[in-house]
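All of these numbers come straight from a predicted model, not from anything done at the bench.
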Amino acid sequence: MIVILKQNPNREQLESLISWLQEKGVSIHTSIGEAHTILGLVGDTSKLDIDLIAALDIVEDVKRVQEPYKNANRKFHPEDTVIPVRDTQIGGGTLTIMAGPCSVESEEQVVAIAKAVKASGATMLRGGAFKPRTSPYSFQGLGEKGLEYLKVAREETGLPIVTEVMDLSQLPLFKDVDVIQIGARNMQNFDLLKAAGHQDKPVMIKRGMSATYEEWLMSAEYVMASGNENVILCERGIRTFESYTRNTLDIAAIPVLRQLTHLPVIIDPSHATGKYWLVETLSRAAVAAGTDGLQIEVHNDPAHALCDGPQSLKPDVFDPLARKLLKLHAFVRGLDEGD
């Protein structure tokens, strides 16, 4: 249920309403917008009298919300969420470009790539220290040492780091990570999601290979219900009958999620396709569709990469692409604003 208040509600009446609702066992999510304040009521609202609440002087409207995700629901939070990360942000009209290697292989490698992608316009460094792999014989990442190399790259460039946690036991190692990524295979690892909800840093949830929009948003709800509202959604392709590409990138996810949620949406064209030569086209499509950012894999020697070389761009290929994407984003923003 959401309660839409009139402009400049009487403080005493508002406090009285909130106290009464809390006595009924309902938790309240308050969203203050330019025109209205909205109270999102989470819990068993079936016994609340809508007519009684609607009759209050400070209330403009009351609506029941059918979707099971409440905190992530745009109806509860009409304004887009903007997530600050060090000296940059995700959302709010900016185009966040997360770039870097699929897997951290050495300090020298990740520092060199970080410097290259920053020079091209990337605002965040992505890189895997712990790697979930289909085969137990594939490279599993450098683990804690990989995290240390990422921190060195951050010190050298100032780029915030985004990296994936795979297990609850690893979370203590992520205290100095800027954005925790939860991968597609862990999208419904509910214990991990709840634990991520107790972290004081943004959490990016990648869509599961066969997940519906609602299932994906419910994963975000787990994190938000545990107290962390800084959640980012990342579309990385879903599994379909098509086998030519690694996955099928769902561009429609961008406008659909714009309707359903206030959370930022990031697109990962690298994992979606598995082919480096498709990354540019799909990145352009994502920017044109209004994504908040992109996560692109960049490697200085893809042919010898320990993980996902075929989908990685070389720095000299990433550079003109990043510059084109930033120009395209500015153009699209101008169209949206009527300039």
Side-chain angles (χ1 to χ4, degrees), residues 1-85 89-92 180 182 188 190-205 213-233 256-265 292:
M1 179 183 292
I2 59 173
V3 179
I4 304 173
L5 304 179
K6 294 177 181 177
Q7 285 188 330
N8 302 316
N10 179 278
R11 181 175 290 239
E12 291 185 5
Q13 289 180 315
L14 177 57
E15 290 176 352
S16 176
L17 172 60
I18 290 175
S19 296
W20 178 72
L21 291 170
Q22 290 174 335
E23 289 173 2
K24 296 293 184 180
V26 175
S27 59
I28 302 168
H29 180 282
T30 303
S31 175
I32 302 175
E34 294 182 3
H36 295 96
T37 296
I38 294 177
L39 303 181
L41 312 186
V42 181
D44 183 8
T45 61
S46 61
K47 297 179 182 179
L48 294 179
D49 188 334
I50 285 185
D51 293 332
L52 177 63
I53 298 173
L56 297 175
D57 291 339
I58 62 171
V59 174
E60 182 170 301
D61 197 9
V62 183
K63 299 178 181 178
R64 289 200 180 274
V65 176
Q66 301 302 318
E67 297 88 356
Y69 48 92
K70 307 301 181 183
N71 292 296
N73 200 318
R74 184 173 285 281
K75 294 175 184 176
F76 276 53
H77 193 300
E79 305 290 332
D80 289 342
T81 288
V82 180
I83 299 177
V85 185
Q89 67 180 38
I90 302 173
I180 295 176
I182 294 179
Q188 290 185 311
F190 301 120
D191 287 338
L192 182 58
L193 292 170
K194 286 187 282 188
H198 296 297
Q199 306 301 306
D200 61 351
K201 58 183 83 292
V203 176
M204 184 168 71
I205 303 175
Y213 296 133
E214 184 171 298
E215 290 168 342
W216 191 10
L217 288 168
M218 288 305 293
S219 294
E221 193 74 11
Y222 263 93
V223 177
M224 300 178 79
S226 297
N228 187 348
E229 297 186 353
N230 290 321
V231 178
I232 306 137
L233 301 171
V256 168
L257 291 174
R258 283 279 179 265
Q259 287 286 106
L260 300 178
T261 184
H262 54 91
L263 300 175
V265 181
D292 291 298

Rounded at 0.5 Å granularity, tell me how far [atom1] in [X] sits from [atom2] in [Y].
| X | Y | atom1 | atom2 | value |
| --- | --- | --- | --- | --- |
| Trp20 | Leu52 | CH2 | CG | 5.0 Å |
| Ser219 | Met224 | OG | CE | 13.0 Å |
| Asp292 | Leu257 | CG | CG | 10.0 Å |
| Trp216 | Glu214 | CH2 | CD | 14.0 Å |
| Asn10 | Glu15 | CG | CD | 9.0 Å |
| Ile232 | Ile90 | CD1 | CD1 | 3.5 Å |

List in chain and number order the residues that pass side-chain hydrogen bond (donor to acceptor under 3.5 Å, both in side chains) with [X], two or more places apart in sequence or in another chain; answer none if no residue qualifies.
| X | result |
| --- | --- |
| Asn228 | none |
| Thr37 | none |
| Gln199 | none |

Handout entry: Under-4.0 Å salt bridge between Arg258 and Asp80
Key =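 No.
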Has [X] got a side-chain atom pairing as donor or acceptor with [Y]'s backbone, closer than 3.5 angstrom?
| X | Y | answer |
| --- | --- | --- |
| Gln89 | Gly91 | yes |
| Ser16 | Glu12 | no |
| Thr81 | Leu263 | no |

Practice task
Scan Glu221, His77, His29 and name whichever one has a side-chain hydrogen bond (donor to acceptor under 3.5 Å, both in side chains) with Asn71.
Solution key: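 Testing each of Glu221, His77, His29 against Asn71, the sole residue satisfying side-chain hydrogen bond (donor to acceptor under 3.5 Å, both in side chains) is Glu221.
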Review item, side-chain donor-acceptor pairs of residues 56-69, under 3.5 Å, at least two apart:
unit_1 : atom_1 : unit_2 : atom_2 : d
Glu60  : OE1    : His36  : NE2    : 3.2
Glu60  : OE2    : His36  : NE2    : 3.3
Arg64  : NH1    : Thr45  : O      : 3.1
Arg64  : NH1    : Thr45  : OG1    : 3.3
Arg64  : NH2    : Thr45  : O      : 3.3
Arg64  : NH2    : Leu48  : O      : 3.3
Glu67  : OE1    : Asn73  : ND2    : 3.3
Glu67  : OE1    : Lys75  : NZ     : 3.4
Glu67  : OE2    : Lys75  : NZ     : 3.2

Smallest separation among heavy atoms of [X] and [Y], with atom names:
| X | Y | value |
| --- | --- | --- |
| Leu5 | Pro9 | CD1-CG, 4.1 Å |
| His262 | Arg74 | CA-NH2, 3.8 Å |
| Gly40 | Ile2 | CA-CG2, 4.3 Å |

Problem - Residue list, side-chain contact (heavy atoms from CB on, under 4.5 Å) with Ile28, at least two apart or on another chain - result: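 Here the qualifying residues are Ile18, Leu21, Gln22, Thr30, Leu39, Leu41.
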Problem - Any residue meeting salt bridge (Lys or Arg N to Asp or Glu O under 4.0 Å) with Lys6, in chain and number order, not counting sequence neighbours - result: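 Lys6 satisfies salt bridge (Lys or Arg N to Asp or Glu O under 4.0 Å) with no residue once adjacent residues are dropped.
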